[in-house]
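In what follows, a single structure is set out as structure tokens and then discussed.
Proteins get letters first, then strands, A, B, ... in listed order; numbering begins at 1 in each.
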Amino acid sequence: MAEAATGTESITVREAIRETLSEELGRDERVFVQGIDVASRGGTFGLLEGLGEEYPERVRNTPISEVAIVGSGLGAAMTGMRPVVEVMYSGFLGVPMDQILNQVAKLRYMTDGNVDIPLTIRTQNTSGFNAAAQHSQALHQLLMAIPGIKVVCVSTPADAKGLLRAAIRHDDPVIVFEHAGVYNREGEVPVGEYEHRIGEAGIEREGEDVTVVATQVQLWNALEAAERLAEEDVSVEVVSPRTLDPLDVETIAGSVRKTGRCVVVDETPLCGGSQSELATVITEEAFFDLDFPVQRLGVDDVPTPFSPPLEEEIYPDTDDIVTTVRQLA
Amino acid sequence: MAEAATGTESITVREAIRETLSEELGRDERVFVQGIDVASRGGTFGLLEGLGEEYPERVRNTPISEVAIVGSGLGAAMTGMRPVVEVMYSGFLGVPMDQILNQVAKLRYMTDGNVDIPLTIRTQNTSGFNAAAQHSQALHQLLMAIPGIKVVCVSTPADAKGLLRAAIRHDDPVIVFEHAGVYNREGEVPVGEYEHRIGEAGIEREGEDVTVVATQVQLWNALEAAERLAEEDVSVEVVSPRTLDPLDVETIAGSVRKTGRCVVVDETPLCGGSQSELATVITEEAFFDLDFPVQRLGVDDVPTPFSPPLEEEIYPDTDDIVTTVRQLA
Amino acid sequence: MSEIDTRKRVDLDDEARIDLLRTMQRIRAFESRVQTLFADGELPGFVHLYIGEEAIAAGVCGALEESDYITSTHRGHGHCIAKGHEFDRMMAELYGKETGYCGGKGGSMHIASPKLGNLGANGIVGAGVPIGVGAALSSQLRGSGQVAASFFGDGATAQGAFHEAMNLSALWDLPFVGVVENNQYGEMSALEEQQAVTDLSERATSYGVPGIDVDGMDVEDVYAATTAAIEAARAGDGPSLLVCDTYRFEGHHEGDTEFYRDDDEINEWRRRDPLKTYPERLIEEGVLTNAEWNDIVDEIDAELEAAIEFARESDYPEPESAYENLYAEEV
Amino acid sequence: MSEIDTRKRVDLDDEARIDLLRTMQRIRAFESRVQTLFADGELPGFVHLYIGEEAIAAGVCGALEESDYITSTHRGHGHCIAKGHEFDRMMAELYGKETGYCGGKGGSMHIASPKLGNLGANGIVGAGVPIGVGAALSSQLRGSGQVAASFFGDGATAQGAFHEAMNLSALWDLPFVGVVENNQYGEMSALEEQQAVTDLSERATSYGVPGIDVDGMDVEDVYAATTAAIEAARAGDGPSLLVCDTYRFEGHHEGDTEFYRDDDEINEWRRRDPLKTYPERLIEEGVLTNAEWNDIVDEIDAELEAAIEFARESDYPEPESAYENLYAEEV
Ligand SMILES: Cc1ncc(C[n+]2csc(CCOP(=O)(O)OP(=O)(O)O)c2C)c(N)n1
Ligand SMILES: Cc1ncc(C[n+]2csc(CCOP(=O)(O)OP(=O)(O)O)c2C)c(N)n1
Ligand SMILES: [Mg+2]
Ligand SMILES: [Mg+2]
């Protein structure tokens, strides 16, 4: 944890990301940002607007070359820089996957720790924009399955600030999954150089009856569901993993040991999804306290269709969470 | 199922693969094989030796261009051919990952079924060859997480023949994970045009006390462990999933409902590994019959180190399976 | 490898020339209506318009046979229209309706009918090129005489997929035509900010492939170059790379503020608008009267309005259909 | 973009020339012993030997400063030796011992010491090129004056990663040198079976980068070309691509039966063996006496035997160390 925060302010995820990048660029000359149209347009969804003018040398537009974007970021990270590279949509991660799987994630290990890799990869999951199958994906489950790169996921403005800063200052490669669906979400954020600890989950709402573990858009749905269920006297504890790999098993399983019932909600397809990983470690840690098997909500193993009613169909929503919790409670 | 088999013969996995490819090339002019050095050297581990001379037009050496190898296979599959493309090591799958993730797996869905994609991708997991981190990987968990491509894994000679033939004749994309560690394994195979059904698991050994679900090298270890445990009067049922996606939940969970105890052994790293997916669906289906949480054996979330004692350390072996089963029994 | 004479005059009779013009106008009209429909909030998702680049799709697909293949891009409506896709099912797809070419699953970035030889529009820059090369390989193996053409942008030439595919197609003398739609920008960044060498036809020399500079604002030049490339391809002389200079008159996608370019540049290019210059030329050359041209425009507009009506009145797909057609063989 | 005069004579005094020879001999001696040790079953894993290609590593690394960077390949022992890695820790790594450069975690395909400027040997063909370009970017951003050179094979030029990296390095004028080790084969397939254009220096023109044909059997030619490329790089004139013609005298990896090439071809190339021609030349030119050369050979052999002894006597790493050093920051 860098400096203690004094007070909070209410900002959006979008603002938190921009602010944090601006601050880190200002604080440390080794930090630079590269990606497609990051300097001019401000990257995906215009998040970084103006940053290119503030730091013309260190906010760099690249060609449309994800292998080179990630690979050159890695080379720079091994040689004294702290790059923050952007892959516009998580759906594009397949393009530079070898650089991530075999280079970024393995080079430190293969050299027995003789080099640090302070590389941050920013990308974002998308749902709800009718952007169709290639652009609308949640893909953090693939990265969780790769030892050697840490995976964090941004749900709230505090996450955006705390996790992105932690990633940039971290000496290991970290991939930060943002989500297009939460960029305009507003929330309280500690002022100052606030940093989340990588590997620490957060209890976003306390409760007694059922634990809901949720990320990104689904975290907001879970909080809404909890609100609605409270009216029915069902007390829901909402846990945000924040760091998906490494996972804060203690906090998450601790909650489930208390409630005995658990729902995991995420937007990854169910087969091989993050839900399965979470359900498994929760079950291992809290087996004898569980009244029912951990319930998983996610996409039922199809790509994301374009048409609005189809896209709505496949993603979990607040109603789905409410219904599932009710069945357990 | 094509034709009924009459009798069996004992062959190796290696022979079964070569034979099946040769037969399918002979039977159907739409089938062709491409990959690095497949024609001359016979591909990875010389498996396809001589096939290039039998079918010079349809067994094709490619440049070292996995994106083009897979992508052109896809284009050919959409236009009347039934390509079998080879990615030498599963560790190289990161290179053509976008073609797999966004093209092969999504094109049928995105066109609402207006095109079939009878593409087979052959690759192989490796362990035990001191081939180090990039070449020694089990990566089928990444593919299981992608809806739109079916994932099968070859453990025995019968699998090699039955699954590879099924993949080639299948109208959907199938990725066949072979394993360098089982190529020389011998076993009984039904003669004739034998085909496994995609989506069907196999009970490789019947037992009453504990279910061990295992693949590839670990399946052979599991069978060995079962043999040893039998001497201690522990009766182990060994299940081979064969098809990892779609998974034959009924057969696997059926076994666990009977035994009440389950160990899943695979060579994927534990976080996000196939073990978590299997443990989750087993737990969901057999929760109230389980005496203990499903136990997972795999790699404890590191890449594969080169040095023999280190590599031995990280992979499960027969002893590990025996010990784990004993704890449950 | 063959030498291709791009300046070879192709025989285009009046009817053929009018067909080229009609195709361009179909695209222009379609895209213009899509623009307003999107602005009106009628169309969900992202939309990348082809306005300004019509001569390329019309010229290339005009030279292809119906049975030939194409792969398309995120900016793909023009390719669809030129390859024979109908307005109504295209429009329905943009609305996300069940009557769309993809039953609503594809949308703007993925409209395609493989049955019409369109192997897919692609949201991944560069990813269609290896697929196109695979169709060419298939054609070669089957001895079918078909050609495959892949459309892609200038930006895509920075992607590894483009290079791997070009090398393979050249190595195996595949009947393939790579069509670079060089509209001077990849998203909001100019060509020279993305490519070390802006003369993209240079990238053909790496593979010993003819790299042909084409005036992408002149449908006949595109047609002629494509015809030559196709002839070479069908003759077994291997692939070509056509670098078509063009310009998109609208933003990268709808909603783009276009802060990165000025009106002078846009106006300069607008003077070369193929939907201005080509009808003028045909009228001047007596191929077409003004009245006939107006009739064509009206006819297309009428068809388009009917298509919009069709789309609007079509039903959304049943939600459950989201789970259909992922696989041919269900278990 | 700069014009590089590759034929520019470089000043090489006697000592420098002997150093180049010594480096080559160090590589040859090392690889030859590795070959027998592997045949004797002493070394686990896969081994790809650099025998025949020594002039490239020696010439390139001879021209680099210690603080400059390289990225290496599956055929990387020669690069390591030329970049200053010691025999003993290299040999220990090949044995999988804890005293190896990577504590036994890397092995033959991944020996590297980032502290010596070697950013990693790579088992993925082509994957080191973007990493090298990133080191050059870092150097440019830090204003450190360092150059990065990436070694890769002819086969790797068919990989997209190579192209994306070359374009980026050229676009940004990065201090980067791409070194193609064109040994005429990728695995068991000849250059012409893999590359549509076998003159690989053509691939530089796509990026406006000097593509320099280098005699990869002549260490001074390699040294001269690299020196020119480095000068241009340090002057801010951007990257170069050196295409070094060479030949591997042994199989692709140990165990390769070499069915795909005949003795005539091998013998033809062996006549140009730099470990035959260069010592002859230096002796002929009076730079070195026969006796001095023999001393060098003996000295290296002695060091090598000591290194083997060191490796043999070193311990295997503790099994638990398999779980160490994945991360700098454990949670
Ligand atoms: C692999 C990948 N990277 C980035 C993007 C985001 N993107 C969509 S269109 C586009 C620009 C493409 O430029 P170009 O190829 O010139 O085609 P144009 O849009 O100009 O027609 C980019 C970067 C993408 N879709 N895929
Ligand atoms: C991405 C990838 N594909 C395939 C391989 C298997 N492979 C290892 S070395 C090699 C040949 C490489 O040829 P080249 O680049 O010319 O280097 P050389 O071995 O001749 O030095 C191949 C295909 C690999 N390691 N990585
Ligand atoms: Mg463009
Ligand atoms: Mg080679």
Side-chain angles (χ1 to χ4, degrees), chain A residues 35-46 49-50 52-53 60-69 71 87-89 91-99 126 128-137 180 269 271 299-315, chain C residues 43-46 74 92-98 100 102-111 121-127 153-162 185-191 193-196 252 255-257 259-260 315-327:
Chain A
I36 297 167
D37 280 328
V38 288
S40 40
R41 167 206 208 180
T44 323
F45 292 87
E49 229 187 299
E53 281 128 56
R60 308 172 70 89
N61 285 345
T62 63
I64 310 172
S65 299
E66 280 80 4
V67 174
I69 293 170
V87 174
M88 295 178 65
Y89 284 76
F92 305 168
L93 284 171
V95 180
M97 188 57 90
D98 176 70
Q99 286 292 329
T126 302
F129 285 77
N130 308 122
Q134 293 172 337
H135 282 66
S136 305
Q137 305 192 54
C271 181
V299 173
D300 197 2
D301 296 324
V302 285
T304 304
F306 162 72
S307 181
L310 299 187
E311 179 165 9
E312 264 161 45
E313 164 67 25
I314 71 158
Y315 284 103
Chain C
L43 302 180
F46 300 144
H74 57 286
E93 188 59 35
L94 296 186
Y95 275 82
K97 298 298 181 73
E98 64 170 358
C102 308
K105 293 207 174 88
S108 169
M109 265 192 288
H110 307 290
I111 316 186
N122 217 308
I124 303 297
V125 169
D154 47 293
T157 66
Q159 281 282 6
F162 157 71
Y185 289 89
E187 280 199 0
M188 289 76 192
S189 295
L191 184 61
E193 277 185 77
Q194 304 203 6
Q195 312 299 344
H252 167 62
D256 176 3
T257 59
F259 59 86
Y260 49 88
D315 289 327
Y316 281 112
E318 287 302 314
E320 291 68 39
S321 76
Y323 302 110
E324 291 164 8
N325 287 328
L326 178 59
Y327 293 119

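The most heavy-atom pairs under 4.5 Å with chain A, out of Gln194(C), Gln195(C), Glu93(C), Met109(C), come from Gln194(C). Of the listed residues (Val95(A), Thr62(A), Asp300(A)), the greatest number of heavy-atom pairs within a distance under 4.5 Å of chain C belongs to Asp300(A). With chain A as partner, the option from Ala196(C), Pro319(C), Ser321(C) having the largest number of non-hydrogen pairs under 4.5 angstrom is Pro319(C). Of the listed residues (Leu310(A), Asn130(A), Ile36(A)), the greatest number of heavy-atom pairs within a distance under 4.5 Å of chain C belongs to Leu310(A). Note: Ser40(A) leads Ala132(A), Ala133(A), Ser40(A), Ala39(A) in heavy-atom pairs under 4.5 Å with chain C. When each of Ala156(C), Ser189(C), Cys102(C), Gly100(C) is scored by its heavy-atom pairs under 4.5 Å with chain A, the top score falls to Ser189(C). Highest contact tally toward chain A, considering only His110(C), Glu193(C), Lys97(C), is held by His110(C) [criterion: heavy-atom pairs under 4.5 Å]. Of the listed residues (Gly155(C), Gly126(C), Ala158(C)), the one with the most heavy-atom contacts under 4.5 Å to chain A is Ala158(C). Heavy-atom pairs under 4.5 Å with chain C were tallied for Ala131(A), Pro305(A), Pro63(A); the largest tally goes to Pro63(A).
Atoms CG and OH, on Asp256(C) and Tyr185(C) in that order, are 10.5 Å from each other to the nearest 0.5 Å. From Gln134(A), atom CD reaches atom CZ of Phe92(A) across 8.5 Å, with rounding to the nearest 0.5 Å. Rounding to the nearest 0.5 Å places CG of Asp315(C) at 14.5 Å from OH of Tyr95(C). With rounding to the nearest 0.5 Å, the separation of OG in Ser65(A) from CD in Gln159(C) is 5.5 Å.
Smallest separation of non-hydrogen atoms from Thr304(A) and Tyr315(A): OG1-OH, 2.7 Å. When every heavy atom of Ala180(A) is checked against every heavy atom of Phe45(A), the shortest pair comes out as CB-CZ, 3.6 Å.
Residue contact with chain A, scored on non-hydrogen atoms closer than 4.5 Å, is absent for Tyr260(C). Using a 4.5 Å cut-off between heavy atoms, Asn122(C) contacts chain A through both its backbone and its side chain. Both the backbone and the side chain of Met188(C) come within contact range of chain A, judged by heavy atoms closer than 4.5 Å. In this structure, the portion of Leu326(C) lying under 4.5 Å from any heavy atom of chain A is its side chain and not its backbone. With a 4.5 Å cut-off on non-hydrogen atoms, Glu318(C) touches chain A through its backbone but not through its side chain. Only the side chain of Phe259(C) comes within less than 4.5 Å of a heavy atom of chain A; its backbone N, CA, C and O stay farther away.
Listed for the Lys105(C) side chain is a donor-acceptor partner under 3.5 Å among the backbone atoms of Glu324(C).
Evaluated for a side-chain contact (heavy atoms from CB on, under 4.5 Å) with Met88(A), the options Asp37(A), Val38(A), Thr44(A) yield exactly one hit, Thr44(A).
Not less than 6.0 angstrom separates the ring centroid of Tyr89(A) from the ring centroid of Phe129(A).
When side chains are defined from C-beta on, Phe306(A) does not count as touching Ser108(C), because their heavy atoms never get closer than 4.5 Å.
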